4 protein chains.
Amino acid sequence: MVGMIKAAVSQRGEKGGKARATRALLLDAAVKVIGRKGYTGATVDEIVEEAGVSKGLAYYHFKSKAEMASSILDDGIGELADEFVAIAEAADSGPSALIGMIERFAVKIFENKEFGRFFVSELWREGRVWSGSMRENEERLLGLIREQLQRAKDGGLIRPEIDVDFEAVALVGMVLTTSLYYIDEKTDVSERDFIDNIIDFVRHANVCPE
Amino acid sequence: MVGMIKAAVSQRGEKGGKARATRALLLDAAVKVIGRKGYTGATVDEIVEEAGVSKGLAYYHFKSKAEMASSILDDGIGELADEFVAIAEAADSGPSALIGMIERFAVKIFENKEFGRFFVSELWREGRVWSGSMRENEERLLGLIREQLQRAKDGGLIRPEIDVDFEAVALVGMVLTTSLYYIDEKTDVSERDFIDNIIDFVRHANVCPE
Amino acid sequence: MVGMIKAAVSQRGEKGGKARATRALLLDAAVKVIGRKGYTGATVDEIVEEAGVSKGLAYYHFKSKAEMASSILDDGIGELADEFVAIAEAADSGPSALIGMIERFAVKIFENKEFGRFFVSELWREGRVWSGSMRENEERLLGLIREQLQRAKDGGLIRPEIDVDFEAVALVGMVLTTSLYYIDEKTDVSERDFIDNIIDFVRHANVCPE
Amino acid sequence: MVGMIKAAVSQRGEKGGKARATRALLLDAAVKVIGRKGYTGATVDEIVEEAGVSKGLAYYHFKSKAEMASSILDDGIGELADEFVAIAEAADSGPSALIGMIERFAVKIFENKEFGRFFVSELWREGRVWSGSMRENEERLLGLIREQLQRAKDGGLIRPEIDVDFEAVALVGMVLTTSLYYIDEKTDVSERDFIDNIIDFVRHANVCPE
DNA sequence: AATGAATGAGCGTTCATTCAT
DNA sequence: CATGAATGAACGCTCATTCAT
């Protein structure tokens, strides 16, 4: 998550810079702890200790623990969705846009495993304060992938019998689970090999055999 | 989970049968609640209320909440692994065994969504009491899938560039995530259509184009 | 405590012999566990496990855990008081009766350390079910010692300035604490040396210097 | 215990003073309740009610109930041991140091009966968290008494046949038990008369008759 | 902005006791 | 006489949240 938040930190000098930095510090700590222990398992005490600030300060910046989690999800997925949009605009075909998105997604999860764990653990959990915004962001992500699949299908570039709804979910899930598995188990695997495997998988699962 | 546990319940109408039935009742309730709320989010109070028994009774049968969760995982995954072994022995080729396993896996998760949710949520969580047995069972599952992938690869029935380690994880993750997504979002999807989509996906992601 | 209860055990053959044996078995186990853990710290589960019987059986023989504790105290102190009476009757002077009593007391505690611990721990505890009978028995014990001190004082055999009330308590307390201390710490100390020390102490603390 | 802790409270009116005062308040309440009911019998709820604070606060200041008990023992016995050292340094002979220590000990227990009860009840209990520190403090106390007994013995001021190890334990035990007995039973007894009895006892049990 | 003491509801667990068999 | 499954009240402890400073 460091990368995601650093931008905010560097905006010092202006008014509110200190506050923004503290907020970022807290969110950074929150991803780490929540990724490790899960939302319910993480405690505010642990988060503030990891951040090196007092408990009162955390509640000055966020109205609740749930809001911290919300912010992580919003920031992380929102940023990803923005990138997906940019990739779609830049790509000249459905498959190339799709590959670009999946690659970006895989890199992000691979490099922010705590965020990935949090995302996976909470994705199917009901009754969370952030469930609403979570679903929206998730749908936005899936929608963008679906669009490219449809575009490819319409162009005859992927197999016609593919159900784009199903396919979008399958690809996202595949990326999430492999990333988490490889991060935990096979720490010797290089990011490049991992991404290559992902791309190869996506290509063959979808592409029309010529 | 009902199906998984019923067998144990029905054996022995005699002495000890009552205790075994209560144990099954509790495990059944535990899967439901834990699947819904997550391990940490689930409370023993909710579990015993769901089971319709007193709290003390839960601790008469299980020494802790963690042991309840452990038992669910052991029972569920252990049974699945046994079925995988049977499928492998009955199949006449790697791909057919592979398809059989994935189908069985998908059906099981589709029909026991709470179990699936629990499995996904806890798979990458560290420091759980059951982490050890979880990893063992998970490895057993993955190992069986890997074997069939290797068998198929050796027989030239799937693409030679496939990394069987990666592929096994990718398939399991794909099944888990699609099952959970479809159960939650698209309740109108038929089990048959869903399974067909899975099989089609697996076939094209791996099988050698003839 | 074995010695105290053995008598009851041997009365087999008559009706109720089995029941009496079980009762003794349970009391024996109760002294051990309660002596080790204290009354509140001991659990009925532990007691019945130590006795090798079922929990239901314990409640068949005793109406509560408190009654078990009560019985231990009644049996133990009651027996001791009876012995004190016999010693008083057999002795030809206050000091010799006193020495006899203290010796008997010391031997009993030395040989039944769990009983001693229980006795010491609960002696000054309020609000116990057995507090009443405990105090009565304790008073009976102290009364018998006091009588002999008074007898000795009247006969000019101990220092006239001695407060017999205080002295009785002091002697009993000294025996209890030294026994427990020596049992725990200096297991190599012989019973004989220990008793000799006790007797020497009692003699000099009281006896009139000639 | 009030006296023992008040000193700590009054120092520093500044920052941290509030926390220290609360800690003292809780310890004070803990001695009262634990002395009355025993360690296992005392509940944290009772302690915090006695202190007039919330339960959470108790766990903010102490990490467990056992640590509260530990602190009581450490503070109480540690302070006593320090006083013993001062007495030993100020005294001009073994017997006078000994008498001074016993007197100080008796006064302390007499004026803090709950502390005394706790001390007696837990002294011979195994498996407590504080067993280690308890034993150390107890040994320090006994060691200091032993030293003075030995000094007196070497100087020919007490009977040569006295076993100083045994004697130290006997004196401490005698003080403890008489204090507790008199506090409970004879509330009309004056502290002065009580202490005089103690001193008289110690003198005659040990001192060489001239 | 920032601290950390204080709160109280609720959690996992224990355990004396009851009761159907 | 004997068993052991079942109960429920209460215990030690945690933790999100508040608030005086």
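The chains referred to below are lettered A, B, ... by the order of the sequence lines, with proteins before strands, and numbering in each begins at 1. Just so we're clear, the structure is a prediction, and the values are computed from it rather than from any experiment.
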* **Nucleic acid footprint by protein, nucleotides 16-21 of chain E - heavy-atom cut-off 4.0 Å, B for base, S for sugar-phosphate alone** => SBB---
* Separation of atom CD in B/Glu46 from atom P in E/dC11, rounded to whole Å -> 8 Å
* Asked: Roughly how many Å is it from CG in C/Leu26 to C1' in F/dC1, rounded to a whole number?
  -> 12 Å
* Asked: Got A/Trp130 and A/Asp74 here, is their nearest side-chain heavy-atom distance under 4.5 Å?
  -> no
* **Atom pair distance, as rounded to whole Å: CE in B/Met68 and C1' in E/dC11** => 13 Å
* Asked: Which pair of heavy atoms, one from B/Leu73 and one from B/Asn137, lies closest together, and at what distance?
  -> O-ND2, 4.5 Å
* Structure fact -> Per nearest nucleotide of DNA chain F, the residue lying toward the 5' end, B/Val53 or C/Tyr60, is C/Tyr60
* Exam field: side chain B/Arg23 to backbone B/Phe62, donor-acceptor pair closer than 3.5 Å -> no
* Is the shortest side-chain N to carboxylate O distance from C/Glu114 to C/Arg36 below 4.0 Å? -> no
* P atoms of E/dA1 and F/dT21, separation to the nearest Å -> 23 Å
* Asked: Which dot-bracket notation, 5' to 3', represents the base pairing of DNA chain F when pairs are defined as Watson-Crick or G-U with both distances under 3.5 Å, crossing pairs as [ ], and inter-strand pairs as |?
  -> .||||||||||||||||||||
* To do: Classify the angle between the aromatic ring planes of B/Phe118 and B/Tyr39 as parallel (below 30°), tilted (30 to 60°) or perpendicular (above 60°).
  => parallel
* To do: Whole angstrom is fine here: how far is it from CG in A/Leu57 over to C1' in F/dA16?
  => 16 Å
* **Shortest non-hydrogen contact between B/Ile47 and B/Ala29, atoms and distance** => O-CB, 3.5 Å
* Structure fact -> For D/Gly35 and C/Arg125 the tightest heavy-atom approach is O-NH1, 3.0 Å
* Structure fact -> The complete set of salt bridge (Lys or Arg N to Asp or Glu O under 4.0 Å) pairs with one or both residues in residues 60-70 of chain A, sequence neighbours excluded, reads none
* Write down the distance between CD (A/Glu49) and C1' (E/dT3), rounded to a whole number of angstrom. => 16 Å
* Length of the CZ-C1' vector between A/Phe62 and E/dA2, whole Å -> 15 Å
* Asked: Can you list the steps and then say if D/Ile77 with D/Phe115 is a side-chain contact (heavy atoms from CB on, under 4.5 Å)?
  -> CA-CA 10 Å; D/Ile77 311 185; D/Phe115 177 74; 3.9 Å; yes
* **A/Thr22 side chain near E/dA1 phosphate (N/O to OP1/OP2, under 4.0 Å)** => no
